[in-house]
Number of protein chains: 2
Amino acid sequence: MKRPRIVKDLILENTGALTPAERLLADALLSDYPVAGLQSITRLAEAAGVSTPTVVRLARKLGFEGFSEFQDTLREEASAQFKQPMLKRERWPENRGDSPAFRDFAEAAFNNLNRTIERLDPATFDDIAALLSDTARPVYLIGGRITRSNADYLFNHLQIVRPNVTLLSQSSNVWPQYLLDMDERSVLVVFDIRRYERDMATLAALTKERGARIVLFTDQWGSPIGKHADHVVNAMVEVPSSWDSTLAINLIAEALIAEVQTRRWDEARERIEQLEDLFQSTRTFRRLP
Amino acid sequence: MKRPRIVKDLILENTGALTPAERLLADALLSDYPVAGLQSITRLAEAAGVSTPTVVRLARKLGFEGFSEFQDTLREEASAQFKQPMLKRERWPENRGDSPAFRDFAEAAFNNLNRTIERLDPATFDDIAALLSDTARPVYLIGGRITRSNADYLFNHLQIVRPNVTLLSQSSNVWPQYLLDMDERSVLVVFDIRRYERDMATLAALTKERGARIVLFTDQWGSPIGKHADHVVNAMVEVPSSWDSTLAINLIAEALIAEVQTRRWDEARERIEQLEDLFQSTRTFRRLP
DNA sequence: GGCAACCTGTAAAGATCGTTTCAGAGTAAC
DNA sequence: GTTACTCTGAAACGATCTTTACAGGTTGCC
């Protein structure tokens, strides 16, 4: 397997052509590679026991413009090393006519999902699953202009798995009516990504005052609702588009649905069976494949 | 096994206490951790889109004397990481308390996305994008019981990018009214995954009779509507859950939105700007981060 | 609607850095 | 012993960086 040629190789290949002081420096670099090279030139020189011009000279000898360029290269290498995702996009098949735009979009989406999972605290996921599994707690959901579909998706599935789930209307003027019913047992699930919506922040504040728990799905920067929320899920949303991607939010939502269903399996199965019967009688649906 | 507390944890723990600009910065740091923090403060600030004092302030907020000390800590961490053998840096870090169920779910979801992209013919994607970009063609969208959120999502974005987009109501008894307006220029986008819905099949047949184009988003097995559809996207939907995952459908939908927007960029931008102004006048939204 | 508190960037100061210059030390050849 | 050459670091330089001070802008509260 081919490893990309990195600065380390450059140094090793040129050991023969190095002067004594340069070798001291090369040794210092390799013994704490690549981080040693990411300090200031002064500190690196001191650590290696040489002078700063020696450092510049070595950088030049390796083919760089100066120490700065040498360091930039090192930094890029380090960055690439750290960026190994846990779940990978498979290799793109050769000779596919995919537009580069599509590829970029897919890559970005995979990245977002990875980083979202990475950033998600397992305890947070557990806590949210526990809240949503507790049927003694009525659940209310609300989404914003863009995220209303996400709210709807979670609502749609939660409603099948458990009772007492309500999707709040889009129009804020009817929210007070829902607020009336919320108390410290209630759970409000809010979806709010950038272009954070004032109305929802107000709703969250009022909900909190009534003692309800708040679960927030937001972007990497975080909606101001975070101040009131008990549990926050930060999803990465940036893609090469004018719009944000809510794919990562959906992933977590779907995983939550699966988890909640598992936790209350017996009750859920009964509900689902009843639902099956109801659909059966309406003949609206075709048989399962 | 406990992982030593590192700066990353410090940032994550304090996200709640961060100001908007600081969050931008935190995101930049986390998105290329830890190497992003090893640049000069100027470059880091630029990359994050904030000013240098903001960087200093964040470093202080995290408990460091200043940026330099912050960076030194980061460098030590990076050095320690690199000194560990490669094998130790596992994909799914052992120390994460994720439930195995969550891990399985995530892996299945990634698999679905990979296989969906693999199976998607680039020409199909192109054709659909072309259809949706053509404003001479009115677009109608309809989703099923589960996929209605996906239809809504696509509708929501398409409506911003172009005129003449309609989301059909859930209740089939009003569909005939929409049918009246459909002709050979029209495009019907149908979302139908298993437990394929009879009513939608009927709707698709009737639509086809009127000469309209039909785009179908379905699962790996294929809805019977495929018979009438001009373009079919097969998304993999199986996950370890009683429910199907529509994540792959969403990925393609999002990519389509981006593509359509690119194709009619000039017109789309104008629409978006107008929309911005409209939102500006209602003070419902907060400033962009 | 007005006031206080907070947030954030501009600009300037002072520190550090990267680079260059230059002179001295070392070495090999004759 | 002299000469020519290479190697090396001290010192000085502008450039860049980190930090600080300050002021404009926004938000939240009464």
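In what follows, chains carry the letters A, B, and so on, assigned in the order in which the sequence lines appear, proteins first and then strands, with residues in each chain numbered from 1.
For D:dT20, one of the phosphate oxygens OP1 or OP2 lies less than 4.0 angstrom from a side-chain nitrogen or oxygen of B:Arg60. Contact check, A:Thr54 against D:dG9: a side-chain N or O comes under 4.0 Å of OP1 or OP2. When the side-chain nitrogen and oxygen atoms of A:Arg198 are compared with OP1 and OP2 of D:dT27, one or more of them lie within a distance under 4.0 Å. Note on A:Ser51: every side-chain N or O is 4.0 Å or more away from OP1 and OP2 of D:dC7. The phosphate of C:dG18 (OP1 or OP2) has no side-chain N or O of A:Ser68 nearer than 4.0 angstrom.
Considering only the side chain of A:Val56, C:dT19 comes nearest among D:dT8, C:dC7, C:dT19. Among the nucleotides D:dC17, D:dA11, C:dG9, the one closest to any side-chain atom of A:Pro53 is D:dA11. Considering only side-chain atoms of A:Ala21, the nucleotide from D:dA21, C:dC17, D:dG9 that sits closest is D:dG9.
At whole-Å resolution of the value, CD1 in A:Ile41 and P in C:dT19 are 6 Å apart. Rounded to an integer number of Å, the gap from CG of A:Leu74 to P of C:dG18 is 13 Å. Between the P atom of D:dT8 and the NZ atom of A:Lys61 lies a distance of 8 Å, rounded to the nearest Å. Rounded to whole Å, atom C1' of C:dG18 lies 14 Å from atom CD of A:Glu69. Distance A:Leu58 CG to C:dT19 P: 13 Å, rounded to the nearest Å. Computed from coordinates, the B:Arg43 CZ to C:dG18 P distance equals 11 Å when rounded to whole Å. A:Gln39 has its CD atom 10 Å from the P atom of C:dC17, to the nearest Å. Atom CZ of B:Phe70 is separated from atom P of D:dT19 by 11 Å (rounded to the nearest Å).
The shortest distance between side-chain heavy atoms of B:Asn14 and B:Lys61 does not fall below 4.5 Å. By the 4.5 Å heavy-atom criterion applied to side chains, A:Trp175 and A:Met200 are counted as neighbours. In this structure the side chain of A:Asn164 never reaches within 4.5 angstrom of the side chain of A:Val139, judged on heavy atoms.
Classification of the A:Phe217-A:Phe191 ring pair by plane angle, with boundaries at 30° and 60°, yields parallel.
Salt-bridge formation is not detected for the pair A:Arg213/A:Asp134: no Lys NZ or Arg NE/NH1/NH2 atom is positioned less than 4.0 Å from an Asp or Glu carboxylate oxygen.
Annotation: of the two residues near DNA chain D, A:Thr52 and B:Ser40, the 5′-most nearest-nucleotide partner is A:Thr52.
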